Structure formats: C-alpha cells, structure tokens
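The next block holds one structure in the form of structure tokens; read it before the comments.
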Amino acid sequence: MTEKITSKEQLTRLQGEFQANVKAEPVRILVCAGTGCQASGSLKIWEKMCELAEGTEIKVEFAKHVQHPHVHKSGCLGFCEQGPLVRIEPLGVLYTKVQVDDCDEIFDVTVKRGEIVNRLLYKNKITGEECFNQSEIPFYKGQTRVVLKTCGTIDPESIEEAISAGEYQALAKALFSMSQDEVIKTVLDSKLRGRGGGGFVAGKKWQQVASQPEKIRYVVCNGDEGDPGAFMDCSIMEGDPHRMIEGMIIAAYAVGAQEGYIYVRAEYPLAVKRLTLAIKQAEEYGLLGENILGSGFSFKLNINRGAGAFVCGEGSALTASIEGKRGMPRVKPPRTVEQGLFGKPTVLNNVETYANVPQIILDGADWYRSIGTENSPGTKTFALTGAVRNTGLVEVPFGITPREIIFNIGGGIRDDKKFKAVQIGGPSGGCLTEKQLDEPLDFDSVKKLGVIVGSGGLVVMDENTCMVEVARFFMEFTHRESCGKCVPCREGTLRMLEILERIVAGNGKMEDIDELRSLADLIIHTALCGLGKSAPLPVVSTLNSFLDEYLEHIQNKKCPAHVCQKLKQYIIEPTKCKSCSKCARGCPVQAISGQPKVPYVIDQEKCIKCGACISSCPFKAIYVA
C-alpha cells in the first residue's frame, strides 16, 4: 500500500529510501522507451532483456553477487539518430542502434563480465573514435541539460524514481518555506520566458493572474505541440512527466488556483498514458489532490486531448477547445490572464516552461540567470532534424549559435553536402542562412533576423533543397490548419499558396514576387491571432535570402535544386547512350524515340517526369537537368 506523504520531512525520508533502492540495484539496464526508439523496436529489446534477467543468479565483476539485474524503460535520451539506445549502469556505457539479436551478447559480455561490446558503441563520424559513455559523445558534450537532465536516467512510469531524483522537493520548499508572492517573485526574477513560442515572461503572467479580483483561477499546460518536426514537449511528457506536473502545482500554489488542465495532442498516446499514470501516482502519494503534503493546499489536475488542430496551440483557441467549443482564437483584450478558461483568470504556459520551474525554485533566480543571455536566460530544447548527421533532441543555453548546434552537436551536414539553410520556429518561423550561422540564438536576437525561436524546431537543409518548395510546403500547412475565423489568414494564406504553387509549376510571373510581399505584409498586420500573423514568415525569409531561386523558377522555368517535379527535364547524355531502347520500352507515354546506333532522345512536351527512364537505363545515361 502506498504511503501517503503528509509532510516535507516525510518526503525527504522517502527520497532517501528510494535513492537507496536505486543504488541497491548493482546492475541497471535502461532501455530507451521514447516514441522514437519504440518505433525502432526498443520494446522488443526491453522484453528480451527482461527475459534474460528474470530468475537468473549471476556473478558480475563490478557488482559481486546479485539475484538478477534490473531492467527498466527510460524516457527519451534525445539521440534519436542512433536509436534504439541502451544504457548499462553503473558502468555508464551507452549502446547505440541496438537490435534484439544484440541482447544476448550485451547480457553475457557487459552485464555478466563488465566488459564492453565495442561494435555497439557510438563512433565519432569525423574522428572515428569510439565513445564509451554518454558524456563522451559530441552530441551530448555541447548540451546543458536542465529540463532533460533525468530524461533517460529514470523510469518515467515510476514516481519512486522521480522522487529519488529529487523531484517534488521544489514543491515542498514552495509550500512550506515560501509565500505565494515569494514564489512569483523568484520566477519573475529568474526572467524565465515562455518556451511555447511567444517568449513572454512567465512570472508576469503569474503575477497578473494572482492580482485578479476573481478568486477562481486555473493553471493550464499547452502540450499541443503541432509544428512539423517538433517533439520537445512530447519527450518531456514521456520521459519525465513528474517534473512538468510539479511545475504546474507550484504555479497553482503561487496564483491560488485549485484546478488545472494539461492539453495534449491526441497524436501523443504515450505521453497521455504516462501523464495519466503520473497523476494517479502523485495523488496516491499525497503530492496532488487534496491537502498536498499536509500543507492545506489542494490542486486537481485533468488531462484534455486535443483533436490535432494546429490553431489550438494559440491560447484562446486552446481554452475554447477544453471548454468543448470549436478551437478558434478570439479578439483580445480581455487576455487569458484576465478571462481565460471558463472565463476565469488563467495561467497558460507550455510543457517546457513548467518543467523549468522546479529547478528555479530549488536553486534560485540568480543560478538560472547565470545560464543563457541577459534577456533570454536558461536553456532551450530544440528538435534537430533534416539533413544533419545527428538528429535528435538537444538542450542548449540561449545565446548558442546555429553553427555550434548544427556542426558540433549535430555533427555537420549528412553525406558531406553543403549547408544551405535551417528552418527555425516551424511553419510560423523562417530560414537562417550560412551568413547567419554565427548569430546568437535567443528570443530577441533572432527577431532582428526576421525569424522567431518558436517552440524549438530546427530543420536543417542542404544544397539539394528547393527554398521555393520549402516556402510552399509551410504555406500549405498553415493554410490547411487555419481555423478560418479571420479573412486575412483564411483568404490571404490561400492566395499566397496559389501563387507559390504556380511558381513551382513553372507558371510564375514576375509580379508574383511583389504580390507575395504585399499579401505577407497584410496578413502579418491584420490577422487575428499570433499563428496567423506569423504564417507568412517562411515566405518572407526565403524571399529575402533566396530571391535568386524564385527568379530562376519564374524567368528560366528551372528549379536549381532539381526538386520541383514539373520543372524537371530528363536528358539523355548522347556519349553514354548505347541505343539499347530499354528507356523507350519503359516509358509509359512513348516520349522517348531513337534507332540503332543513334542516341535516343526524350520529347520534353510528352515527358510526364515520372523517372521511369532513369530506373530502366543500365548505362546511367539519363540525368535530371
């Protein structure tokens, strides 16, 4: 039966007991069970390790005599490119790209004998050096893990392991050693800014809610991470749900709220499962619900699943969705801090913002401001994806440069291709070019470059990327996800999309450039919500940095990157053609003709750009121009 915690002293005692239990495990096998590694088969690895460990009595060199090693699921370790990942403690070894067939060898060599399976170690792609443990891997060396510090080291489905790692101690400190005003002041002094995209100072929101005459207040967490390529909040909810929940309870205490909601995308079933379990466990231990830790403060927490609408990442649309209404932004004022959920004052922050709070309460505002920059203190998690060697989830101090992230942590561009751009901030962001690689990444600096940090997606693009197509892709996304409430967003994004589709199809006109700029300016200044106002940013940033590509599409009807399907030209190289006729026989529209001993040719008017000719040519005589 779970021991209900009714005092700060009891929490500290249990933390010591749970720490002792963890230390008593001579061998800990941690199998990454984040969504990414699960998709690569990590649960089968976990099952196999459990099978090998169960009921066996082994002698290990570094752990004397144990009944059996302990196998655990862990949260996301972040290094998604190298998954599935397995950590063996206390050796501290990290194995990469593990398969079920590797389990027997890991168990026999590492678990039993304390030796290393070298072939499963990460090898530095540049130096070829083998990295024995996590801290030696360049991907982790450049990171400062605050929010993610326990992701991958504890079992996210065990509140005992969370407590052993020190979680809920910040809550105890706030409840028993700090007044509500002192908590707000600490968060305010830390200059913690919202990590959901807007970068608003979190403490100001809390202060505004706490000052409202209405006494019924709510705390809401935005876990509706909808940006393509973004999975920061997902990994926190899956890997360490108690850290975020603790931050929400502290916020509730500070502003006097007694009920809260976590709004999670329905596409995150694992996050929903682990949050549900975490809430149940916290209630059983007396860390959530009535009379938390015997302090007299009560707080109830609910989970609400979103239906996948991107616009519900906007505050007023999100609260409307929780209320059972259609998720659509409303005119402001009044703002959410005044009339939010159910018309009551509401603190609304995202997952990462709340996950920062416990450490700020424990270590203080000065400690937090020592990380990052003066006006953007702390760290930021980024989902690093695209044409980079080391894709995954990274946490770095604000002020770091894109070059450091992409080329040091990310290992550079895949296949040694040339860097072209990095999309930051998702569909509401924009592109940074090679000229901007050494600019600091923080809320204020990137605005001067015409982009936003957003929620933290970083999509790296190489020389084979068409920037006009990139702009079209993101505009298609934002138009599709527009709620349709305001004309500028509903109609403006459609007009911009139609122009971009015309350009990539080879039917663009020179006046389209001015028309795109004019529409972008109109939408930015007149759209109802922040998502609409930022929708044109990918187009604006690519126009500013890659105007030559737009002109090439419009004037010469060519795509320099050979990406836009309708602008491709399939050409037969006469010196390589052997007149074998295989390309002609494989063409579905009879666009290729020729005769023996004479090079074949492709009729560009008939060609449908299917690429069947390239596949059928045994002499590699056909190329795309």
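Below, each value reflects all heavy atoms present in this structure, side chains not excepted, and no hydrogens, waters or symmetry copies. A quick note: this is a predicted structure, and the numbers were derived from the prediction, not measured.
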For residues [X] and [Y], is any side-chain donor paired with an opposing acceptor at under 3.5 Å?
X: Thr353; Y: Asn350; answer: yes
X: Tyr268; Y: Thr35; answer: no
X: Asn408; Y: Glu404; answer: no
X: Lys44; Y: Gln99; answer: no
X: Thr401; Y: Asp438; answer: no

Does NZ or CZ of Lys380 come closer than 6.0 Å to the centre of the six-membered ring of Phe382, within 45° of the ring's axis?
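Yes, Lys380 sits over the ring of Phe382.
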
Salt bridge between [X] and [Y], side-chain N to carboxylate O under 4.0 Å?
X: Lys417; Y: Glu463; value: no
X: Lys447; Y: Asp442; value: no
X: Arg243; Y: Glu246; value: no
X: Lys97; Y: Glu81; value: no

Close aromatic pair by centroid cut-off 6.0 Å: Tyr122 and Phe139:
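No - the distance between ring centres of Tyr122 and Phe139 does not fall below the 6.0 Å cut-off.
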
For the backbone of [Y] and the side chain of [X], can you confirm whether one donor and one acceptor N or O come within less than 3.5 Å of each other?
X: Asn544; Y: Val540; value: yes
X: Gln143; Y: Val394; value: no
X: Lys73; Y: Cys32; value: no

Distance-only donor-acceptor hits, side chain of residues 193-201, under 3.5 Å, sequence neighbours excluded:
from   : atom 1 : to     : atom 2 : distance (Å)
Arg193 : NE     : Gly199 : O      : 2.7
Arg193 : NH1    : Asn375 : O      : 2.8
Arg193 : NH1    : Asp444 : OD2    : 3.3
Arg193 : NH2    : Gly199 : O      : 3.4
Arg195 : NE     : Thr379 : O      : 3.2
Arg195 : NH1    : Arg193 : O      : 2.6
Arg195 : NH2    : Tyr368 : OH     : 2.7
Arg195 : NH2    : Pro377 : O      : 3.2
Arg195 : NH2    : Thr379 : O      : 2.9

Between Ile116 and Phe132, what is the shortest heavy-atom contact and its length?
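Result for this residue pair: CD1-CE1, 2.9 Å.
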
Quick check: closest heavy atoms across Tyr168 and Ile249, and the distance to 0.1 Å?
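Tyr168 and Ile249 have their closest heavy atoms at CE2-CD1, 4.2 Å.
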
Could you check whether atom CZ of Arg403 has more than 12 heavy atoms from other residues, nucleotides or ligands sitting under 6.0 Å from it?
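More than 12 heavy atoms, drawn from other residues, nucleotides or ligands, come within 6.0 Å of this atom.
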
So do [Y] and [X] actually touch side chain to side chain, heavy atoms under 4.5 Å?
X: Asp189; Y: Arg369; result: yes
X: Lys448; Y: Glu439; result: no
X: Leu94; Y: Leu85; result: yes
X: Ile413; Y: Lys418; result: no
X: Pro402; Y: Leu441; result: yes

Pairwise distance [atom1]([X]) to [atom2]([Y]) - rounded to 0.5 angstrom:
X: Gln19; Y: Glu160; atom1: CD; atom2: CD; value: 13.5 Å
X: Ile250; Y: Tyr354; atom1: CD1; atom2: OH; value: 11.5 Å
X: Asn349; Y: Leu192; atom1: CG; atom2: CG; value: 7.5 Å
X: His562; Y: Asn464; atom1: NE2; atom2: CG; value: 8.5 Å

Stepwise side-chain contact (heavy atoms from CB on, under 4.5 Å) check, Val264 with Val351:
CA-CA 10 Å; Val264 191; Val351 173; over 6 Å; no

Name the residue from Arg274, Gln281, Glu167 that meets the side chain to side chain donor-acceptor pair (under 3.5 Å) definition with His242.
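So the option named by the test is Gln281.
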
Between Asp224 and Arg265, does a salt bridge (charged side-chain N to carboxylate O under 4.0 Å, His left out) hold up when you go through it step by step?
CA-CA 5 Å; Asp224 192 55; Arg265 295 178 68 77; 3.7 Å; yes

Not counting sequence neighbours, list each pair that qualifies as a salt bridge (Lys or Arg N to Asp or Glu O under 4.0 Å) and has a residue in residues 27-37.
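For residues 27-37, and leaving out neighbouring residues, the salt bridge (Lys or Arg N to Asp or Glu O under 4.0 Å) pairs sorted by first residue read Glu25-Arg28, Arg28-Glu89, Arg28-Glu161.
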
